[in-house]
Amino acid sequence: MSLQTALQGPVEQVAARLLGCYLERRLDGQTMLVKIVETEAYHQSDAASHSYKGKTERTRVMFGPAGHLYVYFTYGLHYCCNVVAGPVGEGSAVLIRAVEPVRGTELIEARRGKTGITATNGPAKVCQALGIDKQLNGHELSRPPLVLRINPPLAPSTIAQTTRIGISRAKDVPWRFYIKDNPYASNPVLAVK
DNA sequence: AGCGGGATTTTCT
DNA sequence: GAAAATCCCGCTT
């Protein structure tokens with residue numbers, strides 16, 4: 001399955017599709033490999049999305065080709081990263097909310113100053129762990145030093161679908177996805193809401 | 001265990 | 001000028 005094929009179609013479907021896929025990050029001569037365990041979908045038709053009000057300097061990448069990385073800065077000190085989805089001209093992307101370390105766990109925990117699930121169970125934590133900042137905004141995820149590797153789709157019965165976290169508009173849109181029973185998914189308790 | 005505030009800067013109104 | 005797709009610490013129960 002190619003990267004481009006996996007990123008086309010409805011963005012909420014892409015968000016579910018990215019669960020179980022790997023991100024490979026080269027940094028300072030070392031490699032970190034993580035599994036995506038939690039995502040959220042955002043689309044220009046969605047009031048919670050940065051792309052809702054149309055293309056701006058900040059959201060330019062969201063409207064570009066699929067497979068690029070959209071990085072934004074928020075709350076004065078945090079970065080969050082998204083995988084751009086859909087055709088050029090459509091403002092859609094998938095927020096990477098949580099990952100599970102597969103390789104390079106020691107480096108990840110050292111970069112975060114935390115161990116265990118608290119090292120990577122939140123969108124800004126993922127960026128800090130993997131060293132993702134504004135320099136990687138617009139980066140092509142088919143090329144080093146940051147590669148998105150598509151894995152076989154997970155069985156639907158292993159995926160949980162809920163409303164999104166940390167937004168004030170379109171709270172009822174159930175576009176958050178995570179791998180059931182995965183301890184690295186952030187705050188599973190919110191699933192019932 | 002749960003709540004509340006502070007950090008800190010980009011972006012849009 | 002205010003809000004923001006967050007995180008962490010410290011205080012209270």
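To find a chain, count down the sequence lines: A is the first, B the second, and so on, and within it residues start at 1. Bear in mind that the values here come from a model prediction, so they are computed numbers and not experimental data.
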Original post:
Counting just side-chain N and O atoms, does A:Arg97 come under 4.0 Å of either OP1 or OP2 of C:dT6?
Top reply: yes
Subject >> Per A:Phe73 side chain, nearest of listed nucleotides B:dT10, C:dC8, C:dA5 >> reply: B:dT10
Subject >> Separation of atom CG in A:Leu95 from atom P in C:dA5, rounded to whole Å >> reply: 10 Å
Original post:
For A:Val14, which of A:Val84, A:Thr39, A:Val94, A:Val83 qualifies under side chain to side chain contact (heavy atoms under 4.5 Å, CB included)?
Top reply: A:Val94
Scan the side chains in residues 23-31 of chain A for donor-acceptor partners under 3.5 Å anywhere in the protein, sequence neighbours excluded, and list what turns up.
| residue | atom | partner | partner atom | Å |
| --- | --- | --- | --- | --- |
| A:Glu24 | OE1 | A:Arg149 | NH2 | 2.6 |
| A:Arg25 | NE | A:Leu130 | O | 2.7 |
| A:Arg25 | NH2 | A:Gly131 | O | 2.8 |

**OP:** In whole angstrom, give the distance that lies between atom CG of A:Asp133 and atom P of B:dT10.
**Re:** 12 Å
Original post:
Roughly how many Å is it from NE2 in A:His78 to P in C:dA4, rounded to a whole number?
Top reply: 16 Å
Original post:
Taking the side chain of A:Lys53 as its heavy atoms from C-beta onward, which of C:dC8, B:dT13, C:dA5 lies nearest to it?
Top reply: B:dT13
Original post:
Does A:His50 put a side-chain nitrogen or oxygen below 4.0 Å from OP1 or OP2 of C:dA5?
Top reply: yes
Subject >> Test salt bridge (charged side-chain N to carboxylate O under 4.0 Å, His left out) applied to A:Arg164 and A:Asp172, step by step >> reply: CA-CA 8 Å; A:Arg164 293 171 293 184; A:Asp172 52 327; over 6 Å; no
Original post:
When Watson-Crick pairs (N1 to N3 and N6-O4 or O6-N4) and G-U wobble pairs (N1-O2 and O6-N3) count only below 3.5 Å on both distances, what is the dot-bracket string of DNA chain C, with | for other-strand pairs?
Top reply: ||||.|||||||.
**OP:** Would you indicate, yes or no, if B:dT9 has its OP1 or OP2 atom less than 4.0 angstrom from a side-chain nitrogen or oxygen of A:Arg58?
**Re:** no
Original post:
Just by modelled atom types, is the A:Gly91 backbone N or O under 3.5 Å from a matching donor or acceptor in the A:Ser51 side chain?
Top reply: yes
Original post:
Quick one: on DNA chain B, does A:Thr74 or A:Glu57 contact a more 5' nucleotide (nearest heavy atom)?
Top reply: A:Thr74
Original post:
Checking all strands, does A:Leu77 fall into the base, sugar-phosphate, or nothing category for heavy-atom contacts under 4.0 angstrom?
Top reply: base
Original post:
Roughly how many Å is it from OH in A:Tyr79 to P in C:dC7, rounded to a whole number?
Top reply: 15 Å
Subject >> Nucleotide B:dT11, atom P - distance to OH of A:Tyr72 in whole Å >> reply: 13 Å
Original post:
Nearest nucleotide by nearest heavy atom, which residue falls closer to the 5' end of DNA chain B, A:Tyr75 or A:Lys134?
Top reply: A:Tyr75
Would you give me the side-chain donor-acceptor pairs under 3.5 Å for residues 68-76 of chain A, sequence neighbours excluded?
| residue | atom | partner | partner atom | Å |
| --- | --- | --- | --- | --- |
| A:His68 | ND1 | A:Gly138 | O | 3.0 |
| A:Tyr70 | OH | A:His50 | ND1 | 2.9 |

**OP:** Can you measure from OG1 (A:Thr120) to CE (A:Met32) and round to the nearest 0.5 angstrom?
**Re:** 11.5 Å
Original post:
Rounded to the nearest Å, what distance is computed from the CD1 atom of residue A:Ile96 to the C1' atom of nucleotide C:dT6?
Top reply: 16 Å
Original post:
Using a cut-off of 4.0 Å on non-hydrogen atoms, how would the nucleic acid contact of A:Ala124 be classed: base, sugar-phosphate, or nothing?
Top reply: sugar-phosphate
Original post:
At what distance, to the nearest 0.5 angstrom, does CZ of A:Phe177 lie from CD of A:Glu12?
Top reply: 6.5 Å
Subject >> Nearest to side-chain heavy atoms of A:Ile167, which nucleotide of B:dT10, C:dA5, C:dC7 >> reply: C:dA5
Original post:
Nearest-Å distance, CG (A:Asn121) to P (C:dA5)?
Top reply: 19 Å
Original post:
Looking across every strand, which nucleic acid part, if any, lies under 4.0 Å from A:Arg164 by heavy atom: base, sugar-phosphate, or nothing?
Top reply: nothing
Subject >> Contact under 4.0 Å: A:Ser168 side-chain N or O vs C:dA3 OP1/OP2 >> reply: no
**OP:** Look at the side chain of A:Lys114 and decide which nucleotide, out of B:dC12, C:dC7, C:dC8, has an atom nearest to it.
**Re:** C:dC8
**OP:** Could you please spell out the steps behind the side-chain contact (heavy atoms from CB on, under 4.5 Å) verdict for A:Val37 and A:Asn182?
**Re:** CA-CA 7 Å; A:Val37 301; A:Asn182 189 296; 3.4 Å; yes
Original post:
Say you pick atom P in C:dA3 and the same atom in B:dG5; how far apart are they, in whole Å?
Top reply: 15 Å
**OP:** Starting from P on C:dA5, measure out to CD on A:Gln44 and report it in whole angstrom.
**Re:** 17 Å
